[in-house]
Amino acid sequence: MLQFSKVGPEAYVGDLVVYLARQPGKGTPRCTNNGAVDGVIRRVHALGDFSGKEGEHLLFYPEKGRQGIPSAKRILVVGLGKDGLNRELFRKAGGTIASLAMKSKVQELLLVVPDLACDMAEMVEGLAEGLVLGAYRFKKYKTKNDPDASGEMLNQAALYAVDHKGLDKALKLGEIGAQAACQARDMANEPASHWTPAHFSKYGRQLAAAHGMTCTVLDHARLKKLGLGGILAVNQGSACPPEMVILEYAVKPSAPTLLLVGKGLTFDSGGISLKPSAGMEEMKYDMCGGAAVLCAMQAVAQAKLKGLNLVAIVPATENLPGPAALKPGDVITQYGGKTVEVVNTDAEGRLILADALAYGIKRYKPDMVIDVATLTGAVIIGLGHHRTGLLSNNDDLCDRLFAAGDRSGEPLWRLPLDPEYTKQLKSEIADFKNVGKKDGGTITAAAFLKEFIGETPWAHLDIAGTAWDFTEKSYIPKGPSGIAVRTLFDFVRNWKG
Ligand code: BES
Ligand code: ZN
Ligand code: ZN
């Protein structure tokens, strides 16, 4: 969708030319690229209608052949404000451009990259991310009768810079990360009837074939033979068999191995501990962790990153109250032999993750592990919809994740994980219960997972608050956000031993 254009704005005859303008301390904002356009900005500024503030915009329709003004059908100037020029600012500008373009039924646009005193690669990457993420819409199930169905989509966005040498890579990487996040949004938007565990394994196999990775799928029989009692127990009430998808990206034996595990609960009704019906439809999103790790693998493979070997595991199943369903009070045996008294069948995520984590660590001996899961409603109470919850046994891993999250516009916040919290999980008849008291729900969920980790550096991302209803931003349309895809991609890109 994105490329650098050889044609400059004056010669461009497409639907829209876009300029970016800083808000000056005093005086008139200027787009710094075109004197004639600056003239228009000056007039509009004098009227008090445009100051260059962040998110502000000015759209006009130039007369053909007016001296110096580009001959595109429309010209858009987007404000950048006067504060720090960081990637998030450009990402938001990209999102604003995408949504305004789509509102005007623009299919092709040319964005003139301003010459500003900042890291140009960061600027281009941010703009690329914002354009792709902001142009995302899910229209698969809209028929022609719905007015929204015919709304145009942005097909092509070209960037123009006098000298774009050295910026091609930034454009490409921004696009790869953002497209992978849009892919994760697609998976999440699908109804649970159209995104089942089998869809996860099909996608894993396709990715492996396309990028030279290895995909292994453990089916019901294999899971049983290996003793993954958590995922089997959760699956009991569903008519759809469970699948555990394992995707391997190998660069070189000397590189460290990172294990990614993503919760792939394709629908969480709560099971016998049934959830209330209001809002239950949102539980089709309970697979966003699984989507995030598969799509992060996609981005890493597309970008051909070389620093880390990766293994991604997605335990995938539904949680439904069918006739054979797991019952409160049942005792199950997780992979590795620990027993769990299932007090609440709605705390199912930790049961499937415990299996996947224990199995992945035993089988692949990773140097570090990151799991991503829509695990607890409690994280929404604690952190709302802006920061993902981070719980970990390793400070260095946390620092790297904080940095990756910051660079990606997906901030994290760490919660404690002292051994005291594990006390809530004591069971009278088994090794553990699967739930503690209500208090500190995000922490006790992570404390449960910790029992299956051992000494390996590990970080757990609770994305229940950020996987959808994420902070409103121009590049985050309503619905699933694709959270964690770009953070994980950035984590791998910036890996240095
Ligand atoms: N998938 C839910 C967590 C969730 C809740 C995600 C709301 C997004 C929004 C998870 O399986 C769950 O139901 N957790 C329970 C745990 C409780 C029973 C200890 C919860 O958070 O209520
Ligand atoms: Zn649940
Ligand atoms: Zn769940």
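Whatever order the structure lists ligands and atoms in, that order sets their numbers, starting from 1. If you're wondering where the values come from, they're calculated on a predicted model, not measured in any experiment. Side-chain atoms are counted along with the backbone in the values below, which use heavy atoms only and exclude waters and symmetry mates.
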Establish, yes or no, whether the cationic atom of Arg493 lies under 6.0 Å from the six-membered ring centre of Phe489 and within 45° of the ring axis. yes
Would you say Lys263 and ligand 1 have an N/O pair spaced under 3.5 Å apart? yes
Looking at Val435, which atoms of ligand 1 are within less than 4.0 Å of one of its heavy atoms? 19 (C)
I'd like to know if the side chain of Arg87 and the backbone of Gly126 have a donor-acceptor N/O pair within less than 3.5 Å. no
Counting non-hydrogen protein atoms only, what is the nearest one to atom 6 (C) of ligand 1? Give residue, atom name and distance. Ala464 CB, 3.6 Å
Top protein contact for atom 10 (C) of ligand 1, by heavy-atom distance: Leu375 O, 3.3 Å
State, yes or no, whether a side-chain contact exists between Phe267 and Thr317 at a heavy-atom distance under 4.5 Å. no
Ignoring angles and geometry beyond distance, decide whether Glu348 reaches within less than 3.5 Å of ligand 1 through its nitrogen or oxygen atoms. yes
Taking the basic N atoms (NZ, or NE/NH1/NH2) and the acidic carboxylate oxygens, is any pair closer than 4.0 Å for Glu122 and Arg407? no
Do the ring planes of Tyr359 and Tyr364 sit parallel (below 30°), tilted (30 to 60°) or perpendicular (above 60°)? perpendicular
Show which atoms of ligand 1 fall inside a sub-4.0 Å distance from at least one heavy-atom site of Arg350. 16 (C), 19 (C)
Have a look around the Zn ion (ligand 2) and list protein N/O/S atoms under 2.8 Å, or say none. Asp268 OD2, Asp346 O, Asp346 OD1, Glu348 OE1
Quick check with a 6.0 Å cut-off and a 45 degree axis cone: is Arg414 positioned over the face of Phe402's six-membered ring? no
Flag the pair Asp396 and Arg400 as a salt bridge only when some basic side-chain nitrogen lies within less than 4.0 angstrom of an acidic carboxylate oxygen. yes
Ligand-residue contact atoms, ligand 1 with Ile380, heavy atoms, under 4.0 Å: 9 (C)
Considering heavy atoms of the protein only, find what lies nearest to atom 2 (C) of ligand 1 and give residue, atom and distance to 0.1 Å. Asp268 OD2, 3.6 Å
I would like to know whether Glu451 and Arg350 meet salt bridge (charged side-chain N to carboxylate O under 4.0 Å, His left out); could you show each step before the answer? CA-CA 11 Å; Glu451 295 302 317; Arg350 60 199 78 184; over 6 Å; no
Heavy-atom contact check, 4.0 Å cutoff: does Trp468 meet ligand 1? yes
Within 6.0 Å of NZ in Lys140, more than 12 heavy atoms from elsewhere: yes
Might you point out which heavy atoms bring His460 and Ala373 nearest each other, and give the distance in Å? CE1-CB, 4.4 Å
Is the closest N or O pair between Asp346 and ligand 1 shorter than 3.5 Å? yes
Distance under 4.0 Å to a non-hydrogen atom of Thr374: what atoms of ligand 1 satisfy this? 1 (N), 2 (C), 3 (C), 6 (C)
Set out, in order, the CA-CA distance, both residues' side-chain angles and the distance that settles salt bridge (charged side-chain N to carboxylate O under 4.0 Å, His left out) for Lys433 and Glu341, then state yes or no. CA-CA 5 Å; Lys433 293 191 296 191; Glu341 181 188 3; over 6 Å; no
Is the NZ or CZ atom of Lys426 positioned over Phe432's six-membered ring, under 6.0 angstrom from the centre and within 45° of the axis? no
With atoms numbered from 1 as shown, which atoms in ligand 1 lie under 4.0 angstrom from a non-hydrogen atom of Asn344? 18 (C)
Given Met283, Lys275, Met287, which one has a non-hydrogen atom that is nearest to atom 9 (C) of ligand 1? Met283
With a cut-off of 4.0 Å, which atoms of ligand 1 are near a heavy atom of Asp286? 1 (N)
May I ask you to decide if the ring planes of Trp495 and Phe491 are parallel, tilted or perpendicular, using 30° and 60° as cut-offs? tilted
Can you report which non-hydrogen protein atom sits closest to atom 21 (O) of ligand 1, along with the distance? Gly377 N, 2.7 Å
